[in-house]
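The structure under discussion appears below in the form of structure tokens.
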Amino acid sequence: MIGLAVVIGEAIGLGKLPATSEAVFGFLTASLMIAGTMVANDVYDVEIDKVNSPQRPLASGTVKTRDAVVLSVVLSTAAIGFSALLGLWTFLTALLALTLMVYYNTRGKKTGLIGNAVVSFNVALPFFYGGLAVSKISPLLFIFSVVAFLANFGREVAKGIADVKGDSLRQVRTLAVVRGTKVAASASAALFVIAVLLSFLPPFLESISWLYYPPVIVADVGFLYSSYRLMSNQTPENIRSVKGHVLLWMLLGLVGFLLGGAALV
């Protein structure tokens with residue numbers, strides 16, 4: 001999804017599909033970057049995962065930590081390499097993203113909301129990155145980035161509800177740990193609702209295709225449904241289910257962004 005967001009950013013900037021090299025290099029930069037940092041996150045979280053998710057590869061001992069570290073370095077290095085092929089600004093932006101994720105994995109995760117914001121910023125960044133890759137930044141890219149930031153911020157806060165037990169042991173100050181699961185659920189739901197409201201703003205900024213509306217409306221209904229589920233039930237099982245559904249709503253939103261922002265029809 002992160003790689004797709006870059007290609008969508010390129011398409012929106014150009015008003016058409018990008019060149020093959022721009023699409024491939026942009027997609028690989030983002031997807032390899034997030035893959036590398038997620039592997040690194042598992043390395044740093046192995047003790048927490050032994051409590052929250054003991055079935056994961058590192059926590060269960062299926063994969064050795066040394067191998068995971070090597071994989072993370074290889075993936076991240078490849079991502080930076082592909083970013084350099086697109087230009088100086090894309091290279092510097094990729095370095096910024098990698099620096100932020102290193103901070104999150106080493107220190108930021110324990111800060112709770114600040115760490116959530118760092119992750120969400122990197123999830124929203126690919127739209128701008130796509131615009132940078134084709135030297136075309138539009139107002140639509142800004143609002144789409146904000147919507148993506150809020151949606152992922154809500155998902156990150158919700159994740160903390162399911163992981164309270166392990167996070168408490170490692171003194172990770174998520175909102176759920178500090179203020180309780182109900183407060184975290186309310187905050188997550190509020191972020192989803194704000195994202196839904198902002199999804200109606202793009203037509204007032206620029207002319208967009210009517211194809212924007214069907215997938216985005218479905219995604220909005222999904223986010224509202226997930227908000228209701230968060231508020232009504234904060235058990236780890238329900239929260240994990242909501243997390244999975246939110247990824248689907250985000251994917252539908254991406255499809256809407258692409259169809260609405262690029263002149264493909």
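What you see is a predicted model, and the numbers here were worked out from it, not measured in a lab.
With a 4.5 Å cut-off on side-chain heavy atoms, D163 and R240 count as touching. For the pair P126/I2, a side-chain contact is recorded, criterion being any heavy-atom separation below 4.5 Å from C-beta on. You'll find the side chain of L4 reaches within 4.5 Å of the side chain of L251, heavy atoms only. Residues R173 and K110 form no side-chain contact, since every pair of their non-hydrogen atoms from C-beta on lies 4.5 Å or further apart. Between S226 and H245 the shortest side-chain heavy-atom distance falls below 4.5 Å. Residues V118 and F121 are not in side-chain contact: their nearest non-hydrogen atoms beyond the backbone lie 4.5 Å or more apart.
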L113 and N116: side-chain contact (heavy atoms from CB on, under 4.5 Å), yes or no, with the steps?
CA-CA 5 Å; L113 289 177; N116 296 155; 3.9 Å; yes

Which is it for I208 and L140 under the side-chain contact (heavy atoms from CB on, under 4.5 Å) test, yes or no, and what are the steps along the way?
CA-CA 9 Å; I208 62 174; L140 278 180; 3.7 Å; yes

As a quick check of understanding, evaluate side-chain contact (heavy atoms from CB on, under 4.5 Å) for R107 and T111, giving each step before the final call.
CA-CA 7 Å; R107 296 184 179 182; T111 63; 6.0 Å; no

Could you please spell out the steps behind the side chain to side chain donor-acceptor pair (under 3.5 Å) verdict for R229 and S241?
CA-CA 10 Å; R229 288 188 60 187; S241 175; 3.2 Å; yes

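Tracing side-chain contacts under 4.5 Å through hydrophobic residues (I, L, V, M, F, W, Y), one never reaches V172 starting from L58; they form parts of separate clusters. If you chain together hydrophobic residues whose side chains sit under 4.5 Å apart, Y212 and L201 fall into the same group. Linking ILVMFWY side-chain heavy atoms closer than 4.5 Å, directly or via other members, places V216 and F200 in a single hydrophobic cluster. Hydrophobic clustering (side-chain heavy atoms under 4.5 Å, transitive across Ile, Leu, Val, Met, Phe, Trp, Tyr) groups V218 together with M250. A chain of hydrophobic side-chain contacts below 4.5 Å, direct or via other Ile, Leu, Val, Met, Phe, Trp or Tyr residues, connects Y104 to L96.
For the atom pair CD1 (I137) and CD1 (I12), the distance works out to 10.5 Å, reported to the nearest 0.5 Å. A distance of 5.0 Å separates CG of N238 from OG1 of T235, quoted to the nearest 0.5 Å. Note that CD of E156 is 7.5 Å distant from NZ of K109, once rounded to the nearest 0.5 Å. In this structure, CE on M1 lies 8.5 Å from CG on L248, to the nearest 0.5 angstrom. Atoms CG and CG, on L100 and N105 in that order, are 11.0 Å from each other to the nearest 0.5 Å. Taking CG from L150 and CZ from R155, the interatomic distance works out to 15.5 Å, rounded to the nearest 0.5 Å.
Screening L141, L258, V255 for a side-chain contact (heavy atoms from CB on, under 4.5 Å) involving I8 leaves a single residue, L258.
Although no hydrogens or angles enter the test, the distance criterion places no donor-acceptor pair under 3.5 Å between the side chain of N152 and the main chain of V123. The backbone N or O of G222 lies less than 3.5 Å from a partner atom in the side chain of W249, making a donor-acceptor pair.
Within a 6.0 Å sphere centred on NZ of K136, other residues, nucleotides and ligands contribute 12 heavy atoms or fewer. The environment of F142 atom CZ is sparse: at most 12 non-hydrogen atoms of other residues, nucleotides or ligands sit within 6.0 angstrom.
Nearest heavy-atom pair, A133 versus E10, reported as atom, atom and distance to 0.1 Å: CB-OE2, 3.5 Å. Listed here is the closest heavy atom pair of Q234 and M231: NE2-O, 3.1 Å. Nearest heavy-atom pair across A151 and A195 is N-CB, 4.1 Å. Closest of all the heavy-atom pairs between S227 and V193 is OG-CG2, 4.3 Å. Summarising the geometry of V119 relative to M101, their closest heavy-atom pair is CG2-CE, 4.3 Å, with the distance given to 0.1 Å. The minimum heavy-atom distance linking S199 with V147 is given by the pair N-CG2, 4.2 Å.
Contacts classified as side-chain hydrogen bond (donor to acceptor under 3.5 Å, both in side chains) and involving residues 21-41 (residues at least two apart or in different chains) are given here: T29-Y129, N41-D45. Listed by first and then second residue, the ring pair (Phe, Tyr, Trp, His ring centres under 6.0 Å) pairs that reach into residues 35-74 come to none, sequence neighbours excluded. Applying the ring pair (Phe, Tyr, Trp, His ring centres under 6.0 Å) definition to pairs two or more places apart or across chains, those involving residues 147-198 are F149-F153, F192-F223.
With ring centers used as reference points, F127 lies under 6.0 Å from F257.
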What donor-acceptor contacts under 3.5 angstrom involve side-chain atoms of residues 75-88, with partners at least two apart or in another chain?
unit_1, atom_1, unit_2, atom_2, d
S76, OG, S72, O, 2.9
T77, OG1, V73, O, 2.7
S83, OG, I80, O, 2.6

Enumerate donor-acceptor pairs with a distance under 3.5 Å from any side-chain N or O in residues 176-191 to protein atoms, sequence neighbours excluded.
unit_1, atom_1, unit_2, atom_2, d
S186, OG, K182, O, 3.0
S188, OG, G154, O, 2.6

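Not counting sequence neighbours, D220 has no partner by the salt bridge (charged side-chain N to carboxylate O under 4.0 Å, His left out) test.
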